[in-house]
Number of protein chains: 2
Amino acid sequence: MPDIQKRINQWIKDHREEGTNLLQKMVQAPSTQGNEAGAQAIVAQKLQEMGLQIDSWEPDGSELKKHSYFYSPRSEFSNSPNVVGIMKGTGGGRSIILNGHIDVVPDGDRDQWDDDPYSGAIKNGRMFGRGVTDMKGGNVSLILAMQALKENGIQLKGDVIFQSVIEEESGGAGTLAAVLRGYKADAALIPEPTNMRIFPKQQGSMWFRIHVKGRSAHGGTRYEGVSAIEKSMTVINHIRALEEKRNARISDPLYQNTPIPIPINLGVIEGGNWPSSVPDLVKVEGRMGVAPEETMEQAKDEMAAWLLKLGEADQWFKENPPVLEWFGARWVPGSIDVEHELMNALVHQYRQVAGQDPVIEASPWGTDGGLLTHVGETPAIVFGPGVTEVAHYPNEYILLDNVFSTAEIIALTLIQWCGMETEQDGVTQSGTRETILGNGN
Amino acid sequence: MPDIQKRINQWIKDHREEGTNLLQKMVQAPSTQGNEAGAQAIVAQKLQEMGLQIDSWEPDGSELKKHSYFYSPRSEFSNSPNVVGIMKGTGGGRSIILNGHIDVVPDGDRDQWDDDPYSGAIKNGRMFGRGVTDMKGGNVSLILAMQALKENGIQLKGDVIFQSVIEEESGGAGTLAAVLRGYKADAALIPEPTNMRIFPKQQGSMWFRIHVKGRSAHGGTRYEGVSAIEKSMTVINHIRALEEKRNARISDPLYQNTPIPIPINLGVIEGGNWPSSVPDLVKVEGRMGVAPEETMEQAKDEMAAWLLKLGEADQWFKENPPVLEWFGARWVPGSIDVEHELMNALVHQYRQVAGQDPVIEASPWGTDGGLLTHVGETPAIVFGPGVTEVAHYPNEYILLDNVFSTAEIIALTLIQWCGMETEQDGVTQSGTRETILGNGN
C-alpha cells in the first residue's frame, strides 16, 4: 500500500468516532424543505474549524425564477442558506466541485419507523434516520476526505469547492444558485446514495400532475354520476403501460442491472370532498424518469400523446380528456465520459482501497449532476456510500464502514485529480501520480 | 274537483311568485355545514309571518354526543340553529311532523357549474342552485301547504309540526336534537327529492374509511417499494365486487326500478405526500348503503369480513390488512307500513291532484326518516318535488311546477290526515273526509 494511502487510511481509522458524531449531529437536525438552516450551521461550523474559506448565502428567489432551469415549489429561500467551503489549491492543478444536498424528504408515515425519524440511532454498524443515506452520509465522506488531507499536511494544486446545497429533492434550486454564483470546476463528484457504485450517467426526471374529471352525483344514486376515482384507475393503468413501453426501448448496458431504468412513479393521489358524493375530480401527481439520451421535451410530448389515446377506447375520456401539467421539480439528465480522467482516477482509487473492481452503472434517479453538467459546464460523477434501497424509506440507514471507505477513496482521488504539492518543485502530474500509486496499478 | 281542492289549487296558483321568491332567497343563502344560520333566519321569519309558534335553538353537542344515534363530524353547533314552527290543531285529530333539512352539500368543482352555485337563477321553469332540489324546494312546498290552509281559514284538528333541521347531510344530528327536545307525532312526511315518487321505505347508510398501506421508496427505484396507490386500486375493485354481491340479494319489489338498490359509494381518496416517493398510505372514504331489512351491524360485519378476503389472494394484504373504520355520518334505515293511513291519504290526494297513480318505491338513500321512525317513534314517508338525479350535482335544479303541485298534494293530505274543523261540530273523521273528497274516490 503506497505511503500516502497508508496515512489517509490510518487517519480515517483514528477519526471514525469524530466522523460518526458529526453525521449523527447532522441527522438530528431535520432539514426538510424550508428547515435546512440548523443542519447547514453544523456544516458551516465544521468547515470553519477545518480552516476552509466559507461562503454562505440565502439564494435570491426572484433572481433564480428568471432562469429556465429553475424549478421549485417555492421562490422564497430566506432561512434556507447554501453553504460553500473552499480549499484553495497552490495552483497548476485541476479543480473539482464536491456537491451534496442537505435537504431531506419528509419522513412519511411515522408508524412505519422503529425509532424517531431523526434519532441518528446506531445499531450494529448502521446509523438510522431520515437523510442519513440521502445524503448526509455522503456529505460526511466528503468532509472527512478534505479533513484527512488537511491534517496530513497534504497540499493540493487544484481548488476543491465543497458545496452543501438546499432543494435537490425539489428541483435543484440550491445547486443552480451555486452555479449562478459563479462556481465552476474541471469536474464534479456527488456522493448520492449509490451503494458505492459509480454512476457516470444520471437519469433525468420531472414532476407532473394529471387532473381526471368525473361527474358528481349523490352516492345513493351513484349510477347517475361518473366516479373520478374509477376513471383515475384507468389513467393509472394506462401510465403503467407507458412506463413499460418506454423502458422496453432502453438498451444502454449501464442499465442492465436496473429492473426499471426510467420509472414513472405515481406519488400522490387526491380527489373528492364528500363520502356520500360521487367524486368529480381526482388529481394524481408523479415523477417521470428521463433517459440520458432523450430531452425533457421528448419525454413530455410522449406522455401527452399517450394520454390522448385514452379517448380512443373510452367516450368519457374523449369528451373529458385528462389534463396534464408539469410542475415543481425537474432534474436534468447528466453524464460524464466513461473514459474521463476523473473516472479513471476514481475507478483506480476504488480498486486500491476496496481491493476489487467497482460496479459502473447509470443512476436510476436524477441528481444535481445534470445542472452541473449542462448549466455549470462541469461534468459530474455520482458515487456515494448511501444505501440506494432505503433512500426515501422509513428506517432509512447507512453502513458506517462505507462512509469511511468512501472518504478514503475520495481523499486519494482528490490527490490524483487535483495533484499534490511535493518538496521537489515542478513535479509533473504523472510524476505526482506515481508517488501516490507507488509501483503501478 | 271538490270545493276545498279548488280553493287550495287557486290559492297556490295565485302565490307562485311569492313561493318562487322565497325559494330563491333560501337558495341564495348558502347553508353548507356550519353556515346554516342565514337560511334558517329566512325560514323563521316566514313562519313568524304565518303566525306559527316558533321554537329555534342551537343543539347542545355535549348532550347529543351521549346518544347512541348521534353522528356528526362536529359536536359544536353554535350559530347552527334548528327551527321548528308549530301550527296548533283544535284537538281530536292526528298530528304530523313535516321535516326538511336546511343544510346542503358542498358545491364541488365550481368549473362544472354554469352559474354561481348559489345564484337561484331561473331558466324555463327551472330554478338552479346548490340545495334547490336537496331540499329547499321541498321545504318551500311544506311552507306553502301550511300557508294555503291558514289563508283559506282552514282549521286542522291535529297539530302540524314543521321542522327545518341542520346536519341531515352528515348524520341527522339536527333531527335527533328535535326528537330529543320532545317532538313526536302520529306520522311524519319528509319532502326529500324523490321526483314526486312516494318512498315508504328508506335505505340506511353509513360512512367508512379504509387505510391502505404501502411501503415507501424513492420513485426512481419504485420497484423497491410497494405503492399504496396501486394497492388501493385492488381494494376498490374488491369493494365493487362486494356491492354486486349485496345487491344481488335485494328482491323487494319497491327496488325493482333502482339500478343499484344499496350502493357502496367511494367519495374521497387521498394518499402520498411527495411525487418522487412511492406512497406508503392511501385513505379511501365512502358511504355504504344499508337495506331496510338489515341492521347497521350486519352491514359493518359483512364489509369487515370481505376486506379480510384480500389476504387470501395477496401476501401483502395478509401482512398489511387494510384498516377499516366507521366515522361521521350514519343514516338509520326507516319505513312505514305501505297500508298506513298517511300512505292512503297521500296516495289518494296525489291521484286527485296529479290525475294519475303515484310511483311507490324504496328510497335509494338514507334520510332522517330512520331517526324519526326508530328514535322518535314517528313512522315517516319520503315524498318531495326535487329531481333525484341532480341532488349533489353541479347545476342542481328543480322544476318549479313540481314545488307547487307537491304543496297542493301536501295541503290536501294534511286536511285528510289531521282532520278539518267544520261548522257542524263533532263531524267524524270520515265525515270530514267526504267533504274533502267530494263524491267518492
Side-chain angles (χ1 to χ4, degrees), chain A residues 105-106 108-109 112 134 169 203 205 207-209 213 215-225 227 229-230 232-233 236-237 258-260 263 265-282 284-287 289 328-329 363-366 388-389 391-394, chain B residues 105-106 108-109 112 134 169 203 205 207-209 213 215-225 227 229-230 232-233 236-237 258-260 263 265-282 284-287 289 328-329 363-366 388-389 391-394:
Chain A
V105 296
D109 177 10
Q112 297 196 34
D134 185 8
E169 295 291 359
Q203 175 189 151
S205 64
W207 286 0
F208 59 89
R209 182 181 293 119
K213 292 215 164 190
R215 193 178 61 239
S216 188
H218 189 295
T221 52
R222 70 172 195 82
Y223 40 84
E224 307 285 354
S227 167
I229 290 177
E230 289 180 20
S232 69
M233 288 166 61
I236 288 167
N237 287 326
T258 313
I260 307 175
N265 182 70
L266 299 174
V268 180
I269 189 166
E270 190 191 336
N273 53 19
W274 200 255
S276 310
S277 293
V278 174
D280 56 17
L281 183 65
V282 167
V284 178
E285 292 178 357
R287 171 256 190 220
S363 90
W365 18 254
T388 312
E389 295 71 17
H392 296 213
Y393 259 83
Chain B
V105 296
D109 176 11
Q112 296 195 35
D134 185 8
E169 295 291 0
Q203 174 189 152
S205 64
W207 285 0
F208 59 89
R209 183 181 292 121
K213 292 215 166 191
R215 193 178 61 238
S216 187
H218 189 296
T221 52
R222 69 171 196 83
Y223 39 84
E224 307 286 353
S227 167
I229 289 177
E230 288 179 20
S232 69
M233 288 165 62
I236 288 167
N237 286 326
T258 313
I260 307 175
N265 182 70
L266 299 174
V268 180
I269 189 166
E270 190 192 334
N273 53 19
W274 200 256
S276 311
S277 293
V278 174
D280 56 17
L281 182 66
V282 167
V284 178
E285 293 179 356
R287 171 255 191 220
S363 89
W365 16 254
T388 312
E389 295 71 17
H392 297 214
Y393 258 84

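In what follows, every heavy atom counts, from backbone to side chain, and hydrogens, waters and symmetry copies are set aside. Below, chain A is the first sequence line, B the second, and so on; all start at residue 1.
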Practice task
May I ask you to name which of A:T388, A:I269, A:D280 has the most heavy-atom pairs under 4.5 Å with chain B?
Solution key: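 Most heavy-atom pairs within the cutoff with chain B belong to A:I269.
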Exercise for the section: Return the option, out of A:G108, A:A217, A:S232, A:A391, with the maximum number of heavy-atom pairs under 4.5 Å with chain B. Expected result: A:A217
Checking heavy atoms, do the side chain of [X], its backbone, both or neither come under 4.5 Å from chain B?
X	answer
A:S205	neither
A:W274	both
A:I236	side chain

Is there side-chain contact between [X] and [Y], with at least one heavy-atom pair below 4.5 Å?
X	Y	result
B:Y223	A:T258	yes
B:N237	A:M233	yes
B:K213	A:D109	yes

Shortest non-hydrogen contact between [X] and [Y], atoms and distance:
X	Y	result
B:H392	A:S276	ND1-O, 3.9 Å
A:P275	B:E285	CG-OE1, 3.8 Å
A:R287	B:H218	NH2-CE1, 4.5 Å

Exercise for the section: Among the options B:I260, B:T221, B:L281, pick out the one with the most heavy-atom pairs lying under 4.5 Å from chain A. Expected result: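 Counting heavy-atom pairs under 4.5 Å, the top option is B:I260.
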Problem - Under the side-chain contact (heavy atoms from CB on, under 4.5 Å) test, residues paired with B:S227 that sit two or more places apart - result: B:I229, B:E230, B:V278, B:P279
Exercise for the section: Indicate yes or no for a side-chain donor-acceptor contact from A:S216 to the backbone of B:P394 under 3.5 Å, with no hydrogens or angles considered. Expected result: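 Checked: no pair found.
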Problem - A:N265 side chain vs B:G220 backbone, donor-acceptor pair below 3.5 Å - result: no
